[in-house]
Amino acid sequence: MCYIIFVMHMKENIKIFVIALIIGMAIAFFLSFKFQDDVALAINPEVTYFYVGSYNRLEDANQKAANYPNSVIYQNGSIYQIVIGVYHDTEVIALMSSYFHDQNISFYQETMKVDSSFFKDISTYELLIKSSDASYYESVNTSMLQLFREYMPQNF
C-alpha cells in the first residue's frame, strides 16, 4: 500500500518537474532572443573603423593624414592607419559609408575589440547620426574621432 502511495506521489512530482522544465525552457528561449545583442556585446564588443591608408612609417602616415582633417593615426601592430571614422551600429556604418563615398573618399574597413565604456560613448553619437541629416555628419564624426583619440592611449 505504501508503495502505491509512493508511486502516485512520484508521478505527481514528475508532472510538476516536467511542467517547470517546460516553463523554464520557454522563458530561456524568449530571453535569449530578447537580449541576444546585449549578450553578444558584453562578450565581444567590436567596432568597425574606416581608414584611408596604411603606412609602414609614421612620417608617411602624418603626410597623408594632413589631407583628412580630424583623422586619427592608429598604430595597428607595425602599421600606421589613418582612421576617419569608428562605428558599431550597422545602420550608421551604411550611412557613413555612403557619406564618405559622396565625398569621393576611398576607404577600407576593419573591426577591433573595444571595452564597454568606449562602446557606450560612441553609441550616443551614433544616435545623433541616425537622427540627423548629412550636413551634421562631419561634426558628429569629429566628436567620435576625438573619443577614439582619447581611448587609444589607454588601450593601445
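Sequence positions, counted from 1, serve as the residue numbers for this chain. These numbers come from the heavy atoms of this one structure, side chains and all, not from hydrogens, waters or symmetry mates.
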Shortest non-hydrogen contact from Ser71 toward Ala65: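 Taking every non-hydrogen atom into account, OG-O, 3.5 Å.
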Where Leu145 and Asn70 come nearest, the two heavy atoms and their spacing: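 Smallest interatomic distance, heavy atoms only, reads CD1-O, 3.0 Å.
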Pair Tyr87-Tyr49, side chain to side chain contact (heavy atoms under 4.5 Å, CB included): steps then yes or no: CA-CA 6 Å; Tyr87 319 103; Tyr49 65 97; over 6 Å; no
Please report the interatomic distance [atom1]([X]) to [atom2]([Y]), rounded to the nearest 0.5 Å.
| X | Y | atom1 | atom2 | value |
| --- | --- | --- | --- | --- |
| Tyr68 | Ile84 | OH | CD1 | 7.0 Å |
| Ile79 | Leu58 | CD1 | CG | 12.0 Å |
| Thr142 | Leu147 | OG1 | CG | 11.5 Å |
| Ile93 | Glu126 | CD1 | CD | 7.5 Å |
| Gln146 | Asn141 | CD | CG | 12.0 Å |
| Ser123 | Leu128 | OG | CG | 11.5 Å |

More than 12 heavy atoms of other groups within 6.0 Å of Lys120 NZ: no
Parallel, tilted or perpendicular: rings of Tyr108 and Tyr51 (30°, 60°): tilted
Whether Phe107 and His101 hold their rings parallel, tilted or perpendicular, with breakpoints at 30° and 60°: tilted
Residue that, paired with His88, satisfies ring-ring contact (aromatic ring centres under 6.0 Å, His included) out of Phe148, Phe119, Tyr125: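 Option passing the ring-ring contact (aromatic ring centres under 6.0 Å, His included) with His88: Phe119.
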Backbone of Gly77 reached by a side-chain donor or acceptor of Gln75 within 3.5 Å: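 Confirmed, Gln75 side chain pairs with Gly77 backbone.
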Pair Tyr80 and Tyr55, ring centroids less than 6.0 Å apart: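 No: the rings miss the under 6.0 Å criterion.
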Test item: side-chain donor near acceptor, Glu110 and Gln81, under 3.5 Å: yes
